[in-house]
Chemist: 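Sharing a structure, written as structure tokens. Questions coming.
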Amino acid sequence: MDPTITPAELIAAADPETFGNYIASIKPAHDHMGGMGGHHPGHSSSVRTAEFEGHQIRIVTTYEVTVDGRPLTVGLDVDEDGRLACHGLPAYQFSSAVDIVQELIRKFPKRFPKDH
């Protein structure tokens, strides 16, 4: 099968209504925001390991996150350089967990109603 696409096919696929309908029809494989519940509401752990001069190093970082008193279950991961990443914002890296939560509130305001 030839994987190339003609210019006309590309224009048709890029039509906002066509593309929007296609995107709306895709069921997400995973809720990157983690919902508001979960097995351990509000807890997220990350494990880093390293070997240094014959020693095995294991660092477990655990976050307990709440917003307005409600647990927020999101996957927070710490990389080898200490930067934070979040499953809800996979293209971002942060230096602070507070910055992640503020960005989640900004990007997903419906998940954080002011009156609850």
Side-chain angles (χ1 to χ4, degrees):
M1 181 165 99
D2 184 4
T4 59
I5 185 169
T6 68
E9 291 170 325
L10 180 60
I11 290 169
D15 172 72
E17 185 174 346
T18 301
F19 186 66
N21 288 337
Y22 168 74
I23 295 297
S25 73
I26 298 173
K27 182 179 183 231
H30 176 70
D31 179 5
H32 291 288
M33 275 290 292
M36 292 297 185
H39 185 58
H40 300 287
H43 291 127
S44 179
S45 293
S46 180
V47 178
R48 293 177 285 161
T49 59
E51 184 177 327
F52 181 74
E53 295 183 2
H55 298 280
Q56 297 296 317
I57 302 168
R58 183 173 185 263
I59 301 170
V60 178
T61 307
T62 303
Y63 293 92
E64 181 178 339
V65 182
T66 63
V67 176
D68 299 325
R70 295 184 340 213
L72 176 64
T73 304
V74 295
L76 299 179
D77 296 309
V78 183
D79 71 11
E80 297 301 323
D81 295 321
R83 290 181 303 247
L84 291 152
C86 171
H87 296 210
L89 302 166
Y92 294 75
Q93 288 190 331
F94 298 87
S95 58
S96 159
V98 171
D99 292 342
I100 288 176
V101 176
Q102 289 173 342
E103 191 64 17
L104 288 169
I105 292 169
R106 214 179 340 271
K107 297 283 187 197
F108 303 99
K110 291 181 182 177
R111 297 280 189 133
F112 303 95
K114 292 187 180 176
D115 297 315
H116 55 279

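Every value quoted in this text rests on a predicted model; they were computed, and no experiment measured them.
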Chemist: I want to check something: taking the side chain as every heavy atom from C-beta on, are Asp68 and Lys114 in contact at a cut-off of under 4.5 Å?
Modeler: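 No, too far: nothing below the 4.5 Å cut-off.
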
Chemist: Taking only residues two or more places apart in sequence or in another chain, which ones pass side-chain hydrogen bond (donor to acceptor under 3.5 Å, both in side chains) with Thr62?
Modeler: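 Thr62: side-chain hydrogen bond (donor to acceptor under 3.5 Å, both in side chains) contacts with Ser45.
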
Chemist: Whether the side chain of Asp81 engages the backbone of Arg83 through a donor-acceptor N/O pair (distance < 3.5 Å, no angle test) should be reported.
Modeler: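 Answer holds: no.
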
Chemist: With the side chain counted from C-beta on, respond yes when Tyr63 and Val78 share a heavy-atom pair under 4.5 Å apart, and no when they do not.
Modeler: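 Yes; the side chains approach each other to less than 4.5 Å.
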
Chemist: Minimum heavy-atom separation for Cys86 and Leu76, please, with both atom names.
Modeler: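 For Cys86 and Leu76, the tightest heavy-atom pair comes out as CB-CD2, 4.0 Å.
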
Chemist: With Arg58, which residues qualify under salt bridge (charged side-chain N to carboxylate O under 4.0 Å, His left out), at least two apart?
Modeler: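 Residues passing salt bridge (charged side-chain N to carboxylate O under 4.0 Å, His left out) with Arg58: none at all.
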
Chemist: If hydrophobic residues (ILVMFWY) are linked whenever their side-chain heavy atoms come closer than 4.5 Å, directly or via other members, who joins Val60 in its cluster?
Modeler: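 Traced through the cluster, Val60 reaches Val47.
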
Chemist: If you count every heavy atom of other residues, nucleotides or ligands that lies below 6.0 Å from Gln56 atom CD, does the total exceed 12?
Modeler: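 Above 12, so yes.
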
Chemist: Who pairs with Arg48 by side-chain hydrogen bond (donor to acceptor under 3.5 Å, both in side chains), at least two apart in sequence or on another chain?
Modeler: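 Expected list: none.
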
Chemist: Measure the shortest side-chain to side-chain distance between Val67 and Arg111 over non-hydrogen atoms and say whether it is less than 4.5 angstrom.
Modeler: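 Counting from C-beta outward, Val67 and Arg111 never come under 4.5 Å.
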
Chemist: State which residues pass side-chain hydrogen bond (donor to acceptor under 3.5 Å, both in side chains) with Asp99; sequence neighbours excluded, sorted by chain then number.
Modeler: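 Expected list: none.
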
Chemist: Tracing side-chain links under 4.5 Å among I, L, V, M, F, W and Y, which residues wind up in one group with Ile57?
Modeler: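 Members besides Ile57, by chain and number: Phe52, Ile59.
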
Chemist: Do Ile5 and Ile11 sit in one hydrophobic cluster, given that two such residues count as connected whenever their side-chain heavy atoms are within less than 4.5 Å of each other, even indirectly?
Modeler: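 As far as the 4.5 Å side-chain criterion goes, Ile11 and Ile5 are not connected within one cluster.
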
Chemist: Work out which heavy atom in Glu9 is nearest to a heavy atom in Thr4; give both atom names and the distance.
Modeler: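 Looking at all heavy atoms of both residues, the closest pair is OE1-O, 4.4 Å.
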
Chemist: Any side-chain heavy atom of Tyr92 within less than 4.5 Å of one from Ile100?
Modeler: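 Not in contact.
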
Chemist: Assigning hydrophobic clusters by single linkage (Ile, Leu, Val, Met, Phe, Trp, Tyr; side-chain heavy-atom cutoff under 4.5 Å), is Leu72 placed with Val98?
Modeler: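 No: no chain of side-chain contacts under 4.5 Å links Leu72 to Val98.
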
Chemist: Where is the tightest heavy-atom contact between Leu89 and Phe108, given as atom of each residue plus distance?
Modeler: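 Closest heavy-atom pair between Leu89 and Phe108: CD2-CE1, 4.1 Å.
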
